[in-house]
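What follows is a single structure, written as structure tokens, with notes after it.
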Amino acid sequence: MKYWLMKSEPGTYSIDDLRLKPGGTDHWDGVRNYQARNFMRDEMKPGDRVLFYHSGKKPAVVGLATVTSEGYPDHTAWDPKSDHPDPKSSPENPIWYMVDIRFEEKYPSPILLSELRTQPGLKGMLLLKRGMRLSVQPVTKKEYDLIVKMAKPAS
DNA sequence: GCCAACGTTGGC
DNA sequence: GCCAACGTTGGC
């Protein structure tokens, strides 16, 4: 099983948007970056865990999701009416891929990026690297477990 | 709103 | 194939 972090601008697509879909499941369309595409097309598998991340005003991990499909062609790429069309992509020759994910949990209070930065255990996390803009990125199990633990109220 | 970092495009 | 110009991302 692998672990991932997926970024979204909440004004565009938030964790609540995912939560409110039928079955809490939706396809993650619109990724137009080759590295992120390769992760979805080649490496993501059903059952993989996802940290749902909001970028923007209050950058934070806001909850959890699960991958529910293999990578498959992103049909919005060849739909000229979609938000991110790419005329170079076609059903015969898809360039862009996506996966389906299912909502699992929304944290009562988001784990802010600034809090992640203070965690010694997260030194070296990809997300925290300067200039890191990848919208789909791998997370180690250690990092994932630590972040999940941060979300739990102290007991 | 600013700007650094990055990816892509296109002229040569 | 190089690289300058440009557009976008995303933290601050």
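Lettering follows sequence order; numbering is per chain, from 1.
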Picking from [options], which would you name as closest to the side chain of [X]?
X: A:Y34; options: C:dT9, B:dT8, C:dC12; answer: B:dT8
X: A:K88; options: C:dG11, B:dG7, B:dT9; answer: B:dT9
X: A:S55; options: B:dT9, B:dG7, C:dG11; answer: C:dG11
X: A:Q35; options: B:dG7, C:dC12, B:dT9; answer: B:dG7

*Geometric class of the A:Y144/A:Y3 ring pair [parallel <30°, tilted 30-60°, perpendicular >60°]*: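 The arrangement is tilted - the two ring planes meet at 30° to 60°.
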Give a yes/no on whether any side-chain N or O of [X] is located under 4.0 angstrom from OP1 or OP2 of [N].
X: A:R117; N: C:dC12; value: yes
X: A:K7; N: C:dG10; value: yes
X: A:Y53; N: C:dG11; value: yes

*Any chance you could lay out the side-chain contact (heavy atoms from CB on, under 4.5 Å) test for A:M98 and A:V31, step after step, and finish with the verdict?*
CA-CA 7 Å; A:M98 59 188 176; A:V31 171; over 6 Å; no
_Looking only at the aromatic ring of each residue, does the gap between the centers of A:W4 and A:F52 stay below 6.0 angstrom?_
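No.
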Under 3.5 Å, sequence neighbours excluded: what are the donor-acceptor pairs made by side chains of residues 56-67 of chain A?
from: A:T66; atom 1: OG1; to: A:E104; atom 2: OE2; distance (Å): 2.7

Find the distance [X]:[atom1] to [N]:[atom2] and express it as a whole number of Å.
X: A:L126; N: B:dC6; atom1: CG; atom2: P; result: 12 Å
X: A:L134; N: C:dT9; atom1: CG; atom2: P; result: 13 Å
X: A:M6; N: C:dG10; atom1: CE; atom2: C1'; result: 18 Å
X: A:L112; N: C:dG11; atom1: CG; atom2: P; result: 12 Å
X: A:Q137; N: B:dG7; atom1: CD; atom2: C1'; result: 16 Å
X: A:E9; N: C:dG11; atom1: CD; atom2: C1'; result: 11 Å
X: A:H84; N: B:dT8; atom1: NE2; atom2: C1'; result: 18 Å
X: A:L116; N: C:dC12; atom1: CG; atom2: C1'; result: 16 Å

*asked:* Less than 4.0 angstrom from a charged side-chain N to a carboxylate O is my criterion; do A:R32 and A:D74 meet it?
replied: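 Salt bridge between A:R32 and A:D74, a charged N being under 4.0 Å from a carboxylate O: yes.
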